[in-house]
Every structure is written in structure tokens, then in C-alpha cells.
Amino acid sequence: MSNPSLLILPGDGIGPEVMAEVRKVIDWFGEKRGIRFDVSEDLVGGCAYDAHGTPLTDATMAKAQEVDAVLLGAVGGPKYDKLDFSVKPERGLLRLRKEMDLFANLRPAQCFDALADFSSLKKDIVSGLDIMIIRELTSGVYFGEPRGIIKEGNERVGINTQRYTESEIARVARSAFELARKRSNKVCSMEKANVMESGVLWRDVVQEIHDAEYPDVELSHMYADAGAMQLTRWPKQFDVIVTDNLFGDLLSDLAAMLTGSLGMLPSASLGLPMANGRPKALYEPVHGSAPDIAGTGKANPCACILSFAMALRYSFDLGDEATRLEKAVEKVLADGVRTADLMQSGDGTSASTVEMGQAVIAALDASL
Ligand code: NAD
């Protein structure tokens, strides 16, 4: 049997710097654990625009559709800020998400004990936190029609439409229940059924899918505004949260910040299963291309490394190996190795991107 395939798109700014460390981790799994991938690499974002005049070529898009998983660094940078909207680096990423139909965005909010002091909340509220927010990514108010700014009498009116079909709600609800079964078996669905019809439908459909297909999973419903309050009051009450595109955008950022630095946050975007049973999948750190530190060797590679851990778990069913990698990152932090973003003033010397990568490899070696 051939190896599973991975398409790597390092992108712009710190993307290639953090991805170079992930490549070493991928090689480690091949050499030390016999888990080999057929890896190919290509351009996305500003670098693709520089080379081809488009942020994502049709050939790269076709490759992304064929592989078992795509791993992306980051796109964008000031050099491209003045480009026409249609060829901006972000369009490359949006095209990938849209054409691969990646409707479930998974954002874990996990607090490594060694970083609990970085949270804006008290240590006992966040330490040991491990929740997963699933945001619907391809529909809702960011895509609904009609939209626009129109003239009504002598003033302008801005319009966006929140629109969800039953099937759009059902498929993301299924993703949440499936995931919960692999975790603590609890889902909380968040909407605004008190003031929005789309919220009433959301609540009904999530409940119906639960009752018909996942009665073993504990399900609760919460209004999204109350959910925001509960996330800051006592986040450990949650396991999996499923919510729509707009509320998910806000709630996942809120939950992410409970845990400290952008440099630590991975994500996955999943679609429907392919013929081989694996879901269409794109893994990427939450952070951007960080032009302010690009080229200085200061970028934290952990978010990208942890995104690869998510790929091991969700695309390749290698949960134990994913845990091995997550524990290696945890050990490195516990040992006090820190990139600059994880330090407070007076904390001593920071590790470079490469040194952080080396420390993770050493911790992986120690795990054998
Ligand atoms: P950013 O995430 O790139 O940076 C925000 C801040 O966090 C910066 O101070 C940066 O130095 C720091 N930071 C981010 N990642 C880090 C890491 N791994 N290690 C250490 N520090 C890190 O967001 P921004 O500055 O708003 O955007 C910069 C560019 O990235 C823009 O062109 C934006 O459009 C793009 N962007 C891309 C993505 C993506 O590719 N998914 C996401 C967000 C922003």
C-alpha cells in the first residue's frame, strides 16, 4: 500500500519558517515510528501571486483535492495589501476552504499547565482546560444573500443575511457528535434561538440529529451570549461546543485567548469523507504570517506542529501518535524552553524557531 499523502503549503512570512520545523517532525515520525507520508510542497498566497499572478493556481487546487490532507503555514503580508481583492493572498486560502467544502472548523482551546500564567483568567480556571469549538465555516451570515449596501430614501442601508439549510446544520452537528464520542462525550450547541429564526431551526435540527443518531452523547443548548459568559466564568464545564459561522468566529477567538499565545493555537477544517473514508482536511495554525517578526527567527513553530498533531488524529486515525507529539510540546514548555512570544519581561533568553523545533524533536526522542 502507498503512504498517505500530504500537501504542504508553507505560504508567506513566518509560514515557511514554522513549516521547516514541522518537516523535521514529519521526518522524525517516518524514521523513528515508521509512519511515512508522501509529502509534496507548493505555493499559496503572496508567494504564489509573485510566481504565477494568482494566490492559488488551478494545478495546486487540483493537488489539494487529491491528497489525504493539506498542511498550510500562513498567507499575507504588507507587500500585498494594495493588490486587487480578487488576487489577495487570503483569496488562495478561501478558495481552498470553499472548493474542498470544509464546513467544520475545529479550534481546540487547550491550556498547557506551564503557560497557565499567560491567560487573562485565574490559573485555577484555565489550568488543564481542554475544549473544542466547532464552527460552521461555509454558510451563515458571511455568505447569505441578499447582501450589500443599498440606498433607501436618502440614507444607506447595510444588509447581510443569516441563512442555514437543514442539511448544513445537520452535517456540522454530526461532526460535533462524532468528535465528542472520541473525547468526553458532551456537546453544547450555541445559537440565538430566542431572537433568530435561524437559531430556532439550528436548535431543532441539532436536537433531531442527536435523538436519531447520537442518543449516547450528552447534549445541551445555550444562547451564544450566555455561552460567551460561561466561557469566561467556568470554561471547564464544556467539552465540544458547536455553533454557526458568526458566533463561532467570536467564541473561538474568545476561547483561544483563554489559553495564552497565538503561537500555540492549531486548527483543522474538515469536509465530507472521501472515497478512502478520510475527511477532506486542511490543517493550519490560527496565526497569520506575522510580518513584524518574519525573517528574525523568533516565530513560535508550536501552533503549526500542533496542527500536524491534529492531522495525525483526525485524518490518519493516529490518536496515540498525536498525543505523543502534544506531550512532547508540553514537556518542552514544562522544561522552560520558550520562544519570545511565551516570555514575560525579565524571563531570560528566548529560544529561536529552530531551537524550539530541536527541543520538540529531543522530547519526541525521549518519549521512545
Ligand atoms: P498575525 O497572526 O500574523 O500576527 C499577530 C501578532 O502575533 C504579531 O505581533 C505576530 O508577531 C504575533 N505572532 C503571530 N504568530 C506568531 C508565532 N507563531 N510566533 C510568535 N509570534 C506570533 O496577524 P496580523 O498581524 O493581523 O496579520 C499579518 C498578516 O497575516 C496579514 O497579511 C493578515 O491578512 C495575514 N493573516 C493570515 C492568516 C492565515 O494565513 N490564516 C490569519 C490571520 C492573518
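Reckoned from all heavy atoms, side chains included, excluding hydrogens, waters and symmetry mates. What you see is a predicted model; the values in this text were computed from it and never measured. As the structure lists them, so they are numbered: ligands from 1, and atoms in each ligand from 1.
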Can you list the atoms of ligand 1 that are under 4.0 Å from a heavy atom of [X]?
X      : answer
Ala74  : 40 (O)
Gly263 : 17 (C), 18 (N)
Glu284 : 41 (N)
Gly288 : 1 (P), 2 (O), 3 (O), 30 (O), 36 (N), 37 (C), 38 (C), 42 (C), 43 (C), 44 (C)
Val75  : 30 (O), 35 (C), 36 (N), 37 (C), 40 (O)
Ala299 : 19 (N)
Gly76  : 32 (O)

Between the side chain of [X] and the main-chain N/O of [Y], is any donor-acceptor distance below 3.5 Å?
X      : Y      : result
Gln162 : Val141 : yes
Ser315 : Leu312 : no
Asn276 : Arg278 : yes
Asp12  : Cys47  : yes

Can you check whether a protein heavy atom sits less than 4.0 angstrom from [atom]?
atom                    : result
atom 32 (O) of ligand 1 : yes
atom 27 (O) of ligand 1 : no
atom 11 (O) of ligand 1 : yes

In the protein, what heavy atom is nearest to [atom], and what distance, to one decimal place, separates them?
atom                    : answer
atom 29 (C) of ligand 1 : Ser289 OG, 3.2 Å
atom 14 (C) of ligand 1 : His287 CB, 3.6 Å
atom 13 (N) of ligand 1 : Ala290 CB, 4.0 Å
atom 5 (C) of ligand 1  : Leu262 CD1, 3.8 Å
atom 17 (C) of ligand 1 : Asn300 N, 3.7 Å

N/O separation below 3.5 Å, [X] to ligand 1:
X      : value
Pro285 : no
Gly77  : yes
Asp81  : no
Glu90  : yes

Are the charged groups of [X] and [Y] less than 4.0 angstrom apart, N to O?
X      : Y      : answer
Lys236 : Asp130 : no
Lys327 : Asp320 : no
Asp42  : Lys63  : yes
Lys79  : Asp50  : yes
Arg181 : Asp216 : yes
Asp225 : Lys192 : yes
Glu90  : Arg97  : no
Glu326 : Arg313 : yes
Glu41  : Arg23  : yes

Contact partition for [X] relative to ligand 1, non-hydrogen atoms under 4.0 Å:
X      : value
Ile293 : side chain
Pro291 : side chain
Ile14  : side chain
Leu93  : side chain
Asp341 : side chain

- Parallel, tilted or perpendicular: rings of Phe177 and Tyr214 (30°, 60°): parallel
* Nearest non-hydrogen atom to atom 9 (O) of ligand 1 belongs to which of Leu342, Asp292, Leu72? ->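 Ranked by closest heavy atom to atom 9 (O) of ligand 1, first place is Asp292.
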Measure from the ring center of Tyr283 to the ring center of Tyr314 and say whether it is less than 6.0 Å.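 Aromatic pair excluded; centres sit 6.0 Å or further apart.
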